[in-house]
Engineer: 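Submitted below is the structure of interest, expressed as structure tokens.
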4 protein chains.
Amino acid sequence: METSLTGLKRAAPTDARQVRSRKALTGALLALLKDKSFDQLTIREITARARTGYATFFRHYPTKEALLSDVASEEIGTLLDRTIPILHETSSYESTLALCRYVADHAALWSALLTGGAAAIVREEFILQARHLAQVEQRPNAWLPADLGVVHGTGSTFDILAWWLARGNPSGEHESVGQIATILHHLVIAPLVGGRLEASPATV
Amino acid sequence: METSLTGLKRAAPTDARQVRSRKALTGALLALLKDKSFDQLTIREITARARTGYATFFRHYPTKEALLSDVASEEIGTLLDRTIPILHETSSYESTLALCRYVADHAALWSALLTGGAAAIVREEFILQARHLAQVEQRPNAWLPADLGVVHGTGSTFDILAWWLARGNPSGEHESVGQIATILHHLVIAPLVGGRLEASPATV
Amino acid sequence: METSLTGLKRAAPTDARQVRSRKALTGALLALLKDKSFDQLTIREITARARTGYATFFRHYPTKEALLSDVASEEIGTLLDRTIPILHETSSYESTLALCRYVADHAALWSALLTGGAAAIVREEFILQARHLAQVEQRPNAWLPADLGVVHGTGSTFDILAWWLARGNPSGEHESVGQIATILHHLVIAPLVGGRLEASPATV
Amino acid sequence: METSLTGLKRAAPTDARQVRSRKALTGALLALLKDKSFDQLTIREITARARTGYATFFRHYPTKEALLSDVASEEIGTLLDRTIPILHETSSYESTLALCRYVADHAALWSALLTGGAAAIVREEFILQARHLAQVEQRPNAWLPADLGVVHGTGSTFDILAWWLARGNPSGEHESVGQIATILHHLVIAPLVGGRLEASPATV
DNA sequence: CTCTAATCGAGACGGTACGTCGCGTCTTACG
DNA sequence: CGTAAGACGCGACGTACCGTCTCGATTAGAG
């Protein structure tokens, strides 16, 4: 929970066996996360599921969190690149919609990360990375501390997306993407950027 | 993380020794939470800090989470009673301000719960209790599923209060309470209830 | 096992309640010894069986062994008074028979002590007391150290009696007493005192 | 006390580490048995003496008794192979002498087993194994139940050997071996097999 | 026949050993 | 001769029982 992911991408291995081992491990982690909480997962359990030797795990990752990082960190970064900019645009609905589309396109992975047992730790990492990104581009605001804006915006976005993915399978349903984007924009983005609610075409 | 607090208040013991032991344990938990994450706390550590026998812990609580529950559960309920109603009033700023004042008045306890190592688990419990409460009084909404509204409203409120408490000591500073209430109302409450932003007198 | 019984008879209590408590405890011990080993008996178990408070046990006996002592110590002394002299008589069959009769007459108690879970510890005490008794009246013997004679004689007698009591209920069967006395005399007493085997009328 | 050793020899491990661990554990047990009773020995104490991790104990033995078994069981079997046959020979003194010589040759080990804190439990195992062996070759006897004969013979032999080993160091003293064999034969073997006492040349 | 003090039951307490489990390291034996 | 399998030291877990202790609530026996 308190442990934060490193955010450092692990050097890509060249050896074919290493590739196979890592893929097996990440796959096993994602598979197991559908059933149990991340921190009640056992390394032995992961390696057993991956059909891999126990010690092999440590040849690739120092801790369980490092494996999760290897799975999640890059994806978090990619998603963040699509989240942060939204806050800076006045006309932001389109960007919000794009964000939701992206998540829907990678529903399987993001379901595991946002609704699986690792949700809390991924959320922490999500916000942590966002704060680091935001430190650079301070946009002073009279009534809202910048840091709080980032925390609230990122966290809420995370929560709404997680809630969305927790309902069955949203991918493919074009309608649903628009709806969730509207909600997200209405509840989070618009209040932050001070944009008009009318900016969202789908406001019922 | 996945473990949720029971929400059931433990029966108050009559024996003076039991009262003393429980007080020592809860006190030790709160004290330790200021330094470390809840789940990297050890029961042995708690009992050592409480100057209590290790086995005595289990005479009172079956798990570490049960102790946290005993500390937090009632407080969460009290706070929720002040959070949920806000969403139902059109003129809600005053209620928001009252909520913030309440938190400021119990800053020590809520700092431990919201910003300490137990934050994630307390947050889960917070939302869980809110969802249960909200199930009763379904207020259908065309564009926003009721459940999502609760999750977003509760979670965001939690986050903003946590951010607030994480900055030094907010108690006593009358100004600060008003500011955070304004922000909370602006970012979370107003978008949910559809109230006008002008409802908040302090909007700068 | 290594713990030896004190051999000190506890002062008899006058208070009726104390009498009742001790009787309940000794009775419970004997009852439980029929099922389980002495040292896998729990003080809590004994007090529960005795329908007695847990702390009450310690008001009467400092340890589990003290309770066993209270039950067994005097009986062991009495039996020893009938065992030791046998070794000193040339015509000893009658004494052996008397010993067996005495045991048969108190079969219930001796079954518990010799064949129950406390057998090993009672045996140790048996031999220990015998050695102490024998130290006084040294009867030098050229080929057999006196101490070894006592150890062997007492231990073997104990074993044979225990074997005997372990077969159903020997009391009432007059025949059986004679047979076991013959065996005991033949196997143990006669070789020790150098008496003739013919001394035993029942030698087949 | 009531717990009996399994009598099953543990499969010999091939891994050098396992060999080392087991040797350390058995060695520690024998060393500690010189000082304290077996059942007031702590597994933690054994592992500490063996310079071994606590959990490692359980990777090799399920209980303390299993460790004792690993130390004693085979030795008991070997000794029994030399004890039982004696009862079947008419001219048995030589066999008795051979038995005593064997014990004297392994005095260190047998001192630990017979006179150490595990004596009672080893004795039980001794007799138990003997009874199992004797069940096969029933040699009916008019005045002596076969089972009692075995119990008495084995138990007495155990006691006399234990008494012998408890006096200092008997190995090397040729005289002593003959003397104890004579006593053993006189007190136990001869009465059982009905042999004449004159069969023993050393009878003084 | 009362009153007072001893004895009772109940059970919480600080300890300590238990046996289990998972960790991360490090050795071994096999392919 | 490198890698999987897995044994190892470590330490927290939750359980059980120890012997001590405080509580009222009986209840015996002395006055």
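A, B, ... follow the sequence lines: proteins, then strands. Residue 1 opens every chain. Both backbone and side-chain heavy atoms feed into the values below; hydrogens, waters and symmetry mates do not. For clarity, every value in this text was computed on a predicted model and none was experimentally measured.
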Engineer: Rounded to the Å, how far apart are D:I46 CD1 and E:dA17 P?
Structural biologist: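 Taking atom P of E:dA17 as the reference, CD1 of D:I46 is at 13 Å.
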
Engineer: E:dC23 P sits how many Å from A:Y61 OH, rounded?
Structural biologist: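 Roughly 16 Å, once rounded to whole Å.
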
Engineer: Given side chains that start at C-beta, do those of A:T47 and A:T56 come closer than 4.5 Å, heavy atoms only?
Structural biologist: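 A side-chain contact is absent here, since even the closest heavy-atom pair is not under 4.5 Å.
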
Engineer: Closer to the 5' end of DNA chain F via nearest nucleotide, is it B:F58 or C:L41?
Structural biologist: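 Nearest-nucleotide comparison on DNA chain F picks B:F58.
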
Engineer: Less than 4.5 Å apart, side chain to side chain, heavy atoms only: is that true for C:E125 and C:I121?
Structural biologist: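 Result no, sub-4.5 Å side-chain heavy-atom pair not found.
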
Engineer: With heavy-atom distances below 4.5 Å as the criterion, would you say the side chains of D:I43 and D:F58 are in contact?
Structural biologist: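 SC-SC contact between D:I43 and D:F58 confirmed.
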
Engineer: Give the rounded distance in Å between these two atoms: CD of B:E45 and C1' of F:dG14.
Structural biologist: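 It works out to 18 Å between those atoms.
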
Engineer: Can you find a pair of side-chain heavy atoms, one from C:F57 and one from C:T52, that are under 4.5 Å apart?
Structural biologist: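 Of all side-chain heavy-atom pairs linking C:T52 with C:F57, none is under 4.5 Å.
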
Engineer: How long is the line joining NZ of B:K64 and P of F:dG14, in whole Å?
Structural biologist: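 So the two atoms are 9 Å apart, to the nearest Å.
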
Engineer: Please check if the side chain of B:T63 supplies one atom and the backbone of B:A66 the other of a donor-acceptor pair under 3.5 Å.
Structural biologist: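 Yes: the side chain of B:T63 pairs with the backbone of B:A66.
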
Engineer: Quickly work out the D:Q40 CD to F:dC18 C1' distance and round it to whole Å.
Structural biologist: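 D:Q40 atom CD is separated from F:dC18 atom C1' by 15 Å.
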
Engineer: Quick check: on DNA chain E, is the nucleotide nearest A:T63 upstream (toward 5') of the one nearest D:T63, or the reverse? Name the residue that is more 5'.
Structural biologist: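 In this pair, the answer is D:T63.
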
Engineer: When you check every protein heavy atom under 4.0 Å of nucleotides 5-12 of chain E, what one-letter string (B, S, -) results, 5' to 3'?
Structural biologist: -BSBBBBB

Engineer: Between the main-chain N or O of B:S111 and the side-chain N or O of B:T115, is there a donor-acceptor pair closer than 3.5 Å?
Structural biologist: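 Yes, the answer is positive, given that a donor and an acceptor are paired below the 3.5 Å cut-off.
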
Engineer: Do B:R59 and B:S21 have side-chain heavy atoms sitting under 4.5 Å apart?
Structural biologist: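 B:R59 vs B:S21: side chains apart.
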
Engineer: Figure out the CD1/C1' separation between B:I43 and F:dG11, and round it to whole Å.
Structural biologist: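 It works out to 14 Å between those atoms.
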
Engineer: Determine whether B:Y61 and B:D70 make a side-chain contact, defined as any pair of heavy atoms from C-beta on separated by less than 4.5 Å.
Structural biologist: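 Side chain of B:Y61 against side chain of B:D70, heavy atoms only: contact under 4.5 Å found.
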
Engineer: Could you give the CZ-to-P distance, from C:F57 to F:dC21, as a whole number of Å?
Structural biologist: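 After rounding, the reported distance stands at 17 Å.
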
Engineer: Heavy atoms within less than 4.0 Å of DNA chain E: which residues of residues 24-35 of chain D have one? Give them sorted by number.
Structural biologist: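 Here the set is empty: none.
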
Engineer: Crowded around B:K36 NZ? As in, over 12 foreign heavy atoms under 6.0 Å?
Structural biologist: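 Yes.
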
